Structures are given as structure tokens and as C-alpha cells.
Amino acid sequence: MQQPPIITLPLFPELDRLLLELLPSLTPADWQRPTLAREWTVQDVAAHLLDGNLRTFSMLRDGHFGEAPADTSYAGIVAYLNRLNADWVRAARRLSPAALIELLAQSGREYTAYLNTLDPWAPAAFAVAWAGESASLNWFHMACDYTEKWHRQQLNQHRCGPDRAADATGIFSAIY
């Protein structure tokens, strides 16, 4: 018997809406606040979310993978992803908050549109190795992507104070 999928796809636009509601309300000082993600500021986390959108549809929709990891062991992949993330965030510090917001709005729509083309029961392009899988189905990969995006948004909402935090908890708990 197949495990019933955790359907998160309809939640992505709401998660994007909440992010795009929060970010324009931030002051310049808010954008530079440190987050729980150690050395990353609120702006860095927003840039990381943008990278996730762009990297996903560049690789999976467009078939452009760019550079490949030299070491394909679990530790090698983690080191590779950490380097990619750090490189992107460092380069994105050149972008203004307004540019990040515009790019997040556009890429969020394209990211969700791409996910809507996937068969939830088809094999995912990448296994969700951190969840112990050597092969994953698209529905599981999407659920993990949703969880990761939600978590990263919480870093910013937590740092910018509860008065600015949108109720993303409700949409997260709706799937569990």
C-alpha cells in the first residue's frame, strides 16, 4: 500500500504571499539584523530563498545544473551545497531589498508553476537524503522543499518581531 502523499503544493503561493507581505514592511535596519542562521542577516535569508527558487527551476525545469560536486558522498554533497549557498548569499549582498523582493515575487510564481507540472508519484530528480531516502517521489521532495522554505521564512519573522510576523504557523500545521 502506498503512503498517502502530503500535499503541500497549494500552500506554496500562500507562503510566498506571507513573505512578500513581510519584506516590504522592513526598515533598512531590519534587513541587516542577524538571524538564528548564525552569520546570515534577514537580507541574506531572503537571498537564500531566491536562490532556492532560481536554482530549482534552472536545474529541473531548464536542465542547467552549472557546476557539479566533485565528491558525491553525503558529506561531499553537504559541503558542496554549503559552498553554493555561501557564494550566492555573498554575491546577493549587492542587491537592494527592493530588487530582492521583485525577484522573489517573480521567481516564486515560476517555481510554483514548475512544481505544478510534476506528477506527485513520479521519481524526484533528487533524493531527500537528509530524510534517509536514497530515492524520493516528487510529492515528498515538494513537502521537504515546503518545510525548508517555511523554516527559512521563520528565521526572518522571528528576527523582525511578532508584531510583523505573518501567521505562517497555520499553513504549516494544516499539513500535519
Side-chain angles (χ1 to χ4, degrees), residues 6 8-9 11-12 15-16 18-20 22-23 26 30-97 99-108 110-112 114-115 118 123-160 165 168 172 175-176:
I6 299 170
T8 57
L9 191 52
L11 303 175
F12 280 90
L15 193 60
D16 286 344
L18 292 169
L19 179 67
L20 295 171
L22 171 71
L23 294 180
L26 302 180
D30 289 334
W31 281 89
Q32 298 312 310
R33 288 177 188 249
T35 67
L36 295 174
R38 296 188 195 156
E39 298 179 20
W40 283 5
T41 64
V42 168
Q43 183 169 345
D44 294 338
V45 172
H48 180 64
L49 288 164
L50 174 62
D51 181 37
N53 291 347
L54 297 175
R55 197 183 323 167
T56 295
F57 63 74
S58 290
M59 289 187 303
L60 304 182
R61 183 193 72 186
D62 303 339
H64 180 77
F65 288 79
E67 61 184 282
D71 178 359
T72 57
S73 69
Y74 182 79
I77 296 292
V78 169
Y80 166 75
L81 290 174
N82 285 339
R83 185 181 54 78
L84 284 181
N85 292 338
D87 289 350
W88 175 269
V89 166
R90 190 169 26 264
R93 288 179 180 148
R94 300 175 193 145
L95 301 176
S96 68
L100 278 173
I101 292 167
E102 290 172 23
L103 292 168
L104 280 162
Q106 179 181 348
S107 66
E110 290 183 42
Y111 175 86
T112 301
Y114 171 72
L115 293 181
L118 300 176
F126 299 106
V128 184
W130 61 260
E133 294 200 342
S134 58
S136 300
L137 298 177
N138 281 326
W139 73 261
F140 187 66
H141 192 266
M142 284 184 237
C144 291
D145 275 358
Y146 177 81
T147 302
E148 289 178 17
K149 285 184 106 169
W150 179 87
H151 178 261
R152 284 167 180 83
Q153 286 188 214
Q154 293 308 297
L155 293 173
N156 282 353
Q157 291 178 354
H158 173 267
R159 190 58 188 117
C160 294
F172 184 71
I175 63 172
Y176 293 103

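Computed from a prediction, not measured in an experiment: that's the story for all the values here.
Nearest heavy atoms, M142 versus F12: O-CZ, 3.5 Å. Nearest approach of D44 to E39, heavy atoms of both residues: OD2-O, 3.8 Å. Taking both residues in full, the closest heavy atoms of A143 and I6 are given as CB-O, 4.1 Å, listed atom of the first, atom of the second, then distance. Across all their heavy atoms, A127 and A135 have their closest contact at CB-N, 3.7 Å. Considering every non-hydrogen atom in both I77 and P69, the closest pair reads CD1-CG, 3.6 Å. Among all heavy-atom pairs drawn from A125 and N138, the shortest one is N-OD1, 4.4 Å.
Going from atom CG of D30 over to atom CD of Q43 covers 12.0 Å, rounded to the nearest 0.5 Å. Taken to the nearest 0.5 Å, the CH2 atom of W150 stands 14.0 Å off from the CG atom of L19. Between the OH atom in Y114 and the OG1 atom in T56 there is a gap of 9.0 Å [rounded to 0.5 Å]. To the nearest 0.5 angstrom, T35 atom OG1 is 10.5 Å from H48 atom NE2. From L50, atom CG reaches atom CD1 of I101 across 11.5 Å, with rounding to the nearest 0.5 Å. Atoms OG1 and NE2, on T8 and H141 in that order, are 11.0 Å from each other to the nearest 0.5 Å.
For the pair S58 (side chain) and H64 (backbone), a donor-acceptor distance under 3.5 Å is absent. A donor-acceptor pair under 3.5 Å is absent between the side-chain atoms of Q153 and the main chain of D16, judged by distance alone. When atom types are taken as modelled, the side chain of S96 and the backbone of A99 share a donor-acceptor pair closer than 3.5 angstrom. In this structure, N85 contributes its side chain and L81 its backbone to a donor-acceptor pair below 3.5 Å. No side-chain donor-acceptor contact under 3.5 Å links R83 to the backbone of A79.
Side-chain contact check for E67 versus L84: some heavy-atom pair is nearer than 4.5 Å. L103 has its side chain within reach of L95: a pair of non-hydrogen atoms, C-beta onward, lies under 4.5 Å apart. Residues W31 and L23 have side chains in contact (heavy-atom distance under 4.5 Å, counting atoms from C-beta outward).
Within a 6.0 Å sphere centred on CZ of R94, other residues, nucleotides and ligands contribute 12 heavy atoms or fewer.
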TODO: Under the side-chain contact (heavy atoms from CB on, under 4.5 Å) rule, what do W88 and L54 come out as? Steps first, then yes or no, please.
DONE: CA-CA 11 Å; W88 175 269; L54 297 175; 3.7 Å; yes
Task: Test side-chain contact (heavy atoms from CB on, under 4.5 Å) applied to N53 and K149, step by step - done: CA-CA 10 Å; N53 291 347; K149 285 184 106 169; 2.7 Å; yes
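Side-chain atoms of D145 and Y111 form a donor-acceptor pair, as typed in the model, at a separation below 3.5 Å.
Ring geometry for F126 against F65 counts as perpendicular: the plane angle is over 60°, on a 0 to 90° scale with 30° as the lower cut.
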